[in-house]
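Read through the structure below, which is laid out as structure tokens, and then see the notes.
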Number of protein chains: 4
Amino acid sequence: MIVIDSQSRQPIYEQIVEHVESLIAAGVMSQGEQLPSVRALAVELSINPNTIQKAYAILEEHGAIYPVKGKGNFVSEKDKVTDRMKGQCFGRLKETVDQAKKLGINEEEFSIKVRTYYREGKHD
Amino acid sequence: MIVIDSQSRQPIYEQIVEHVESLIAAGVMSQGEQLPSVRALAVELSINPNTIQKAYAILEEHGAIYPVKGKGNFVSEKDKVTDRMKGQCFGRLKETVDQAKKLGINEEEFSIKVRTYYREGKHD
Amino acid sequence: MIVIDSQSRQPIYEQIVEHVESLIAAGVMSQGEQLPSVRALAVELSINPNTIQKAYAILEEHGAIYPVKGKGNFVSEKDKVTDRMKGQCFGRLKETVDQAKKLGINEEEFSIKVRTYYREGKHD
Amino acid sequence: MIVIDSQSRQPIYEQIVEHVESLIAAGVMSQGEQLPSVRALAVELSINPNTIQKAYAILEEHGAIYPVKGKGNFVSEKDKVTDRMKGQCFGRLKETVDQAKKLGINEEEFSIKVRTYYREGKHD
DNA sequence: GTGGTCTAGACCACT
DNA sequence: GTGGTCTAGACCACC
């Protein structure tokens, strides 16, 4: 369910965090559902349990999951996650627009690209 | 002319690379113009000459500047730089659109944001 | 396995780059194999770790190796490397031919030399 | 008559040395002919006289030219120069062949390239 | 342990 | 003076 790219510049724990948040936002994992245990996921992805632990700690800090002692980790409210991710997404968009303006890319050209990318994704 | 954030996750040399490329793309530095010497810029930003050296080496590799031994570094063609940066910019946009689609943000909502960011920049 | 000529005009890091690429092209090191760590190789060749680091950075850029953070550097596809090297080799040949023509060496004389060099190598 | 590429990695004085030797080997400059004075050439190429001086010193060392006090520098025997250059040229060829063999390029493929490069040059 | 970045200070070749 | 290379030693993030 989770795929790791060990060659990426992005730390593995961050990849896990984003992946889990994506799954929640997409509704694949829903509120109250239990996550795989630290050890189980570590085995499945064949990476160090410490790395999973770190990912889960960040997810908890983000409010995306909550731990229940002796039981495991569970998905919390979906909205919290999606709101957070939407914020990040628009933040990135703003940076991109700022850069585009500096490069002399006008709004029209930019919008055309947006449209293209939106449509082409539909056939994935 | 160049500001460095030494706390950023982004390496200093990368910040310099991007900054110089921005200056060239914006037309602040034009073709054939001499850049500050490695040592001079190091003093100005109070960082190590090696860090500047690394940044200049990358800029050279990007085709943004060219060194003349014993003389200094000079700005090369502007087009090379802007083309490169535009490519990067649209690459980031594509990633952002992909994420937006996953989050269930439709094209209309996205486009409105683009418009907003484009307009609000006009008053900077 | 790697020999360095510290007196050569060619920078040490370039020597390492070429040496490693030769080893990969020759099949001595194969895909997925781990390279010696930056520090280990530095000790073995008794040169500074930074110099190795620079060599590995260039190898990565050439697509010859890929780093896995906290694990080490690994050999990537062989084809990428050999293609790159063949291109360089023919580039040098072209320059040599150009010079030969300027010197009034005709094609026949040149071809004889090529044959000689090719055959004599067989007894190495 | 001499063109300098100030961007090249190759030192300017070396470019001058090779250029002059080419001219002699090609018969453009013949035995006993006077070379431009250090100062004159420096002005013509708008580079530092020291650089010309260094180039002439090397040419003298190579036996390509000889100085006459109070008069200037003069071209010496053509054969000395061409022999030297042919030696260098074949030396480079040998290195190239050695590399080609390591890369698994067979003699036939190599010879074809030689032929191609030889012919294509004829239309320059 | 690993790679990645940075600093400090030195030497070299070139102009 | 300039850029280019190298050494020595340090710190960080990641696994």
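In this model, a donor atom of one side chain and an acceptor atom of the other lie less than 3.5 Å apart for A:Glu18 and A:Gln10.
Within a 6.0 Å radius of NZ in D:Lys102, no more than 12 heavy atoms belonging to other residues, nucleotides or ligands are found.
B:Ser76 contributes a side-chain N or O that, together with a main-chain N or O of B:Gly63, makes up a donor-acceptor pair within less than 3.5 Å. Under the 3.5 Å distance criterion, the side-chain polar atoms of B:Glu33 are matched with a main-chain donor or acceptor of B:Ser30. Counting only distance, with no hydrogens or angles, the side chain of C:Thr82 and the backbone of C:Asp79 share a donor-acceptor pair below 3.5 Å.
Between B:Lys94 and B:Asp98, at least one side-chain N (NZ, or NE/NH1/NH2) sits under 4.0 Å from a carboxylate O, which counts as a salt bridge. Here A:Arg9 pairs with B:Glu14 in a salt bridge; the nearest charged N to carboxylate O distance falls below 4.0 Å. We find that B:Lys54 and B:Glu60 are not joined by a salt bridge, their nearest charged nitrogen and carboxylate oxygen being 4.0 Å or further apart.
Regarding D:Asp5, its CG atom lies at a distance of 15 Å from the P atom of E:dC14, rounded to whole Å.
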Secondary-structure notation, DNA chain E, from Watson-Crick and G-U pairs under 3.5 angstrom (| other strand): ||||||||||||||.
Protein-to-nucleotide contact annotation, 5' to 3' order, nucleotides 1-6 of chain F [B base; S sugar-phosphate only; - none; under 4.0 Å, heavy atom]: BBBBBB
